[in-house]
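Presented below is the structure to which this report refers.
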Amino acid sequence: MLTDQHLIDLECLSLSKSFGNFIAVKDLSFKVPIGSFFSILGPSGCGKTTLLRMLAGFETPDSGDILIKEKSVLQVPPNHRPVNMVFQHLALFPNMSVSENIAYGLKRRKMSPTDIEPRVQQMLDRIDLPDSGNKQISQLSGGQKQRIAIARCLVLEPALLLLDEPLGALDLKLREQMKIELKRMQAQFGTTFIYITHDQSEALVMSDQVAVMNEGVFEQIASPQELYHNPATAFVAAFVGDSNKFLGTICKTEQQGCEIKTKLGVIKAKNNSLDVGEPVSIFVRPEAISIDLSFPQTAEHLQAHNHTESKANHFKAIIENVLFDGARSQLIAKHPLLDTPLNIAYPHATADIPFSPGQEIDISWNAEDTLLFSASGALNAA
Amino acid sequence: MQPDKNKLALFLLLTPLLVWLLLLIVIPHLDMMLISLQERVAAREYRTSFSNYIEFFSEPLYINTFIRTAVMSILATLLTLLIAFPVSYYIAKMMKGQSKQILFLLCLIPFWVSELVRTYGWMILLRESGVISSLLQSLSLVNGPIEMLYNDVAIMVGLIYGSMLFMIVPLVTTLDSLDDSLIEAGYDLGGSHWNVLREVIIPHATPGITSGCIVVFMLSLGNYLTPVLLGGKDSLWFTEQIYTQFITRFNWEQGAALGMLLLLLSSLIVWLGLKLSGQSFRKVMS
C-alpha cells in the first residue's frame, strides 16, 4: 500500500450499511490511489451498488467514514461532493441537446455562458464528437451516448468518477470496443475511476486494481494478474476466470508442498501451510492443463508425453465434447471417477482438430498450478 | 382477405364511438348552432340573424360574467396544479409498492360519491350553523356565527377540490415514468432542488401538466353545481347565465348562442395557453 497520504484520492474507513436485516456493506476499509482505475467486481447483490451510492451520497452509511482527498464527505450532500457518477442507463437529460447536457454541471457552478461554451467544445473535441453539440440525445448511438455521459462528468473535473456498470446495456461488440475506449479515456484524463461491474472481463481488462466483493466484504484487492494467478480465497478463484474444482483432504505434507486425496486420485500442490486431514477445495485453470493424446504413440507424441511426465499431476480422461470458439476453444473431458466434466483450454484449435469425442487423452498440470483453499474458511494462498 | 378482416374489425370497434360522438356531440351542437342563429320577430316567427351573438358583446353583464368565469377558472387551474404537483410527486417518487397504491386510491375515494353530495359536504362545513363556525364558537375564537358560504373563496375551494383528481392522475402517470437516475444525475452534477425541479422534473412532466390543466380548466369553466351551491345566487358563473336563458327565461335562442360562445371562447383560451407555454396538442397527446 502507498504510504504517501497525498497520493490517496479515496479512503473508506470501516464503512457499513444495512437495509433491515440485510447487510449490504460490512465494515469495509480500503484506499484508492490517485489517478487509478479501480474496479469493484462482484455478483449481483454483493453490495457493490450500495457502496457506490454511498460514495456518490445517495445513501448514508450506518457507520464508518468516507474520505475524499483526505476530507470526510459524510456531511456533504450529493450535489456538493467532488464526485460524479455515470449511471447504469447513463441518465442523459432527454430534453437537452448534447452541449446542454455537458454544460448542465458548469451552469450549476454559476459560470458565465462565455466561459462555458469553449469548455464544452473542448470536451466534445477530446471525446472525438466535435460536431455533435447541437444533436439531440435520441440521435446518438449507444457508444456516443456513453462518451457524452462520461464527458458530462469529466468536464466538472471531479476527484472521482463513479461508473455503475455503464457497459451492461451495450451489445457484445460495442462493449469490447468501449472497454478499450474507457481505459484510454481514463489514461488521457488521469481522473480516478471507480468502476463497478459483475463482468470479470471488464474488470480484468481495464483496471489497475480490482476489488472482488462478496456479501458486503472485499475478498481480495489486487492487480488483475495477481487476482487471476494468486486468488486469495476460494470465492475469488471460482468467480474470476474459469476453473475446474475438486474437493479433497490433505493426505501428506512435506517441505516442497502437499498431496491431496480426491475422487480423481492424489493431486500434488506447492502449498504447505495446511495440516494433514484438513478438507480443501482445489481449483485448476483450464489453460494450466496440458493435453496429450494417449494413442497413437508416434515419436512426436512420445516426446510430448515425456514432457508431460515431468508435470506433477497426471491423469487420463475421455473427451466428451469439443467446443470450438476461436481462441477460446475448449475441450470437455470426463473422468470415470468425477461427477462433473473437466474444462480444458484448447486455444490453438485449427480447422482440423485432432481430437474427437470418445478419445482418451492424457492430461497434466504442474503442482504450482494447483490452487488450494481450506474448505473450513481460512485464507490460504496457493 | 386479411386486410378486409382488419378493416371490418376497425369499423366495428369504431362504430360505438362514432355513434356516440354523432348523437351526443355533433347533432346537439349543430342544432344549438342553428337555434342560436334564429331571432324571434313575432310569435312562432323566426328569421336568421346574429342578433343573439351581438347581444352577448353589447351586454356588459354577459361579457363580465364570462371574463370573471374564465379568470376564476384559470386561477382554480393554477392553484390545483400548485397543490397537486407535490402530492403527485410524493405518490409517484417517494412512495414504493403497496403504500403508493393505497395513497393513489385515497385520492380516488372521494370521487365515488356524487358531486352533489360532495358539494353539500362543503356546505355542511362552511355554512353559518356549520361545523367550522360552531367549532370556532365553542373554542370562543369568535363571538357570533360566521358565514363562510356564498363568496368567491368558497367557489374556489369547491372547484379545486372537485378537479384535484383530474390533475393528480396525469401528473402521477408522467412522474412515474421519470427515471429516478435522471433526478439523481441532476443532483450529482451539482444541481440544487430548484435546478433539478426546473431542468429535469418539470420538462419531463410537461405533457402531464398540460393535459391536467386543460381538463381542470374545462371542468371549472363548465361547472354549474359548485358555483351555484357554494357561491349562491350572485355567483355570476357563465353556465348559470346559460341555464337562466334556457330554463327561467325560456329564451333558447339566446341560451344556445351563449353555449356556442362558451365553447368557442374556452377553446380559444386553451389554444392561447398552449401557445404561450410553447406547447402543442400533438406533444401533449404523445
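A, B, ... follow the sequence lines: proteins, then strands. Residue 1 opens every chain.
A/Arg152 touches chain B through backbone and side chain together, each having a heavy atom under 4.5 Å away. Heavy-atom distances place the backbone of A/Leu92, and not its side chain, under 4.5 Å from chain B.
Counting non-hydrogen atoms of other residues, nucleotides and ligands closer than 6.0 Å to CG of A/Asn134 gives a total of 12 or fewer. Within a 6.0 Å sphere centred on CD of A/Glu117, heavy atoms belonging to other residues, nucleotides or ligands number 12 at most. Crowding of B/Tyr224 atom OH: a count of heavy atoms from other residues, nucleotides or ligands under 6.0 Å exceeding 12. Heavy atoms from other residues, nucleotides or ligands lying under 6.0 Å from CZ of A/Arg184 number more than 12. Crowding of A/Glu215 atom CD: a count of heavy atoms from other residues, nucleotides or ligands under 6.0 Å not exceeding 12. Within 6.0 Å of CZ in B/Phe11 there are 12 or fewer heavy atoms belonging to other residues, nucleotides or ligands. Surrounding NZ of A/Lys110 are at most 12 heavy atoms belonging to other residues, nucleotides or ligands under 6.0 Å away.
When B/Ser192, B/Pro203, B/Ala185 are compared by the number of non-hydrogen pairs under 4.5 Å with chain A, B/Ala185 comes out ahead.
For A/Asn84 (side chain) and B/Asp188 (main-chain N/O), a donor-acceptor pair under 3.5 Å exists by modelled atom type. Side chain of A/Asn95 to backbone of B/Glu199: a donor-acceptor contact under 3.5 angstrom is found.
A/Leu90 contributes atom CG, which lies 10.0 Å from atom CG of B/Leu182 (distance to the nearest 0.5 angstrom). For the atom pair NE2 of A/His89 and OG of B/Ser181, the computed distance is 7.5 Å after rounding to the nearest 0.5 Å.
Closest approach of B/Gly186 and A/Tyr104 over heavy atoms only: O-OH, 3.0 Å. Nearest approach of A/Leu156 to B/Leu189, heavy atoms of both residues: CD1-CD2, 3.7 Å. Across all non-hydrogen atoms, the minimal contact from B/Glu184 to A/Phe58 is O-CZ, 3.3 Å.
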